[in-house]
A.B. asks: 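Dropping a structure here in structure tokens format, bear with me for questions.
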Amino acid sequence: MGDKTWLPFPVVLLAALLLPRAAGFTPSLDSDFTFTLPAGQKECFYQPMPLKASLEIEYQVLDGAGLDIDFHLASPEGKTLVFEQRKSDGVHTIETEVGDYMFCFDNTFSTISEKVIFFELILDNMGEQEQEQEDWKKYITGTDMLDMKLEDILVSIVTLLKNFFSDVQLRLHLGVYQQHQVQTKQKWSHPNSA
């Protein structure tokens, strides 16, 4: 009685940090990137989309003087859908046509300060386009590939922690059950000692 099982602090800390996110791990066509945009530069990205899908782009300037950037989103025909100047963040969702959508982050107004930009793409109603979305990964190099590997490691750690805590919980239940069995046996072995 009174025996408690204590988990080492690092295990408890990791569980507290990672398990709330574990419920959110589902296969999806969501991608996020962080990159550095030098002063006086513009960087554009292209996303192929099918008809009547949903494209959501969320961005945020994480570092750099003013924490601002110009953002431009264009349709496959080149029509400007969104143009924002000197914004620190934004979220835009559009229903798509077939074609390549272009979105650009523009830091040409800055002559000194580079910017660190995070953006996330959330692609919904993609139909059979899922395999095509995986094709972009072969063009990723450097730190982007490292980020992807780190995500894979994080998923593995979360799975490992979930299995570990299931095992600990099972062992605790088994220990309580065994302790109860021992006490019951002692109680019936020595009925007059109680």
A.B. asks: Do Leu51 and Tyr101 share a hydrophobic cluster (ILVMFWY, side-chain heavy atoms under 4.5 Å, transitive)?
C.D. replies: no
A.B. asks: Indicate yes or no: at least one non-hydrogen side-chain atom of Asn107 is less than 4.5 angstrom from one of Gln41.
C.D. replies: no
A.B. asks: Phe118, Tyr59: one ILVMFWY side-chain cluster at the under-4.5 Å cut-off?
C.D. replies: no
A.B. asks: Out of curiosity, does Phe105 fall in the hydrophobic cluster containing Leu81 (side-chain heavy atoms, cut-off under 4.5 Å, transitive links)?
C.D. replies: yes
A.B. asks: Quick check against the 3.5 Å criterion: does Thr96 have a side-chain atom that pairs as donor or acceptor with the backbone of Pro50?
C.D. replies: yes
A.B. asks: Could you tell me how the ring of Phe103 sits relative to the ring of Phe45: parallel (under 30°), tilted (30 to 60°) or perpendicular (over 60°)?
C.D. replies: parallel
A.B. asks: Determine the minimum heavy-atom distance between Glu114 and Pro38, stating which atoms define it.
C.D. replies: CB-CA, 3.8 Å
A.B. asks: Between atom CD1 of Ile117 and atom OG of Ser88, what is the distance when rounded to the nearest 0.5 Å?
C.D. replies: 11.5 Å
A.B. asks: Kindly work out whether a path of hydrophobic side-chain contacts (I/L/V/M/F/W/Y, heavy atoms less than 4.5 Å apart) joins Val82 to Phe119.
C.D. replies: yes
A.B. asks: Measure the spacing between CG of Leu67 and CG of Asp89 and express it to the nearest 0.5 Å.
C.D. replies: 10.0 Å
A.B. asks: So which atom in Ser113 and which in Ala65 form the shortest heavy-atom distance, rounded to 0.1 Å?
C.D. replies: OG-N, 2.8 Å
A.B. asks: Which heavy-atom pair separates Ile69 from Asp106 by the least distance, and what is that distance?
C.D. replies: CD1-O, 3.5 Å
A.B. asks: Can you tell me how far the CE atom of Met102 sits from the CD atom of Gln47, to the nearest 0.5 Å?
C.D. replies: 14.0 Å
A.B. asks: Is the closest side-chain heavy-atom distance between Met49 and Leu123 below 4.5 Å?
C.D. replies: yes
A.B. asks: Is it the case that the side chain of Ser31 and the backbone of Leu121 share a donor-acceptor pair, with hydrogens and angles ignored and the cut-off at 3.5 Å?
C.D. replies: no
A.B. asks: Would you name the heavy atoms of Val98 and Pro76 that are closest together and state the gap between them?
C.D. replies: O-CG, 3.7 Å
A.B. asks: About how many Å separate CG of Asp124 and CD of Glu95, when rounded to the nearest 0.5 Å?
C.D. replies: 11.5 Å
A.B. asks: Which atoms form the tightest heavy-atom contact between Asp70 and Gln85, and what is the distance?
C.D. replies: OD1-CA, 3.2 Å
A.B. asks: Report yes if some heavy atom in the side chain of Asp68 is under 4.5 Å from a heavy atom in the side chain of Lys115; otherwise report no.
C.D. replies: yes
A.B. asks: How long is the gap from CG on Leu55 to CD on Glu97, to the nearest 0.5 Å?
C.D. replies: 12.0 Å
A.B. asks: Is there a chain of hydrophobic side chains (I, L, V, M, F, W, Y, each step under 4.5 Å between heavy atoms) that links Ile122 to Leu73?
C.D. replies: no
A.B. asks: Between Phe71 and Lys87, is any pair of side-chain heavy atoms under 4.5 Å apart?
C.D. replies: no
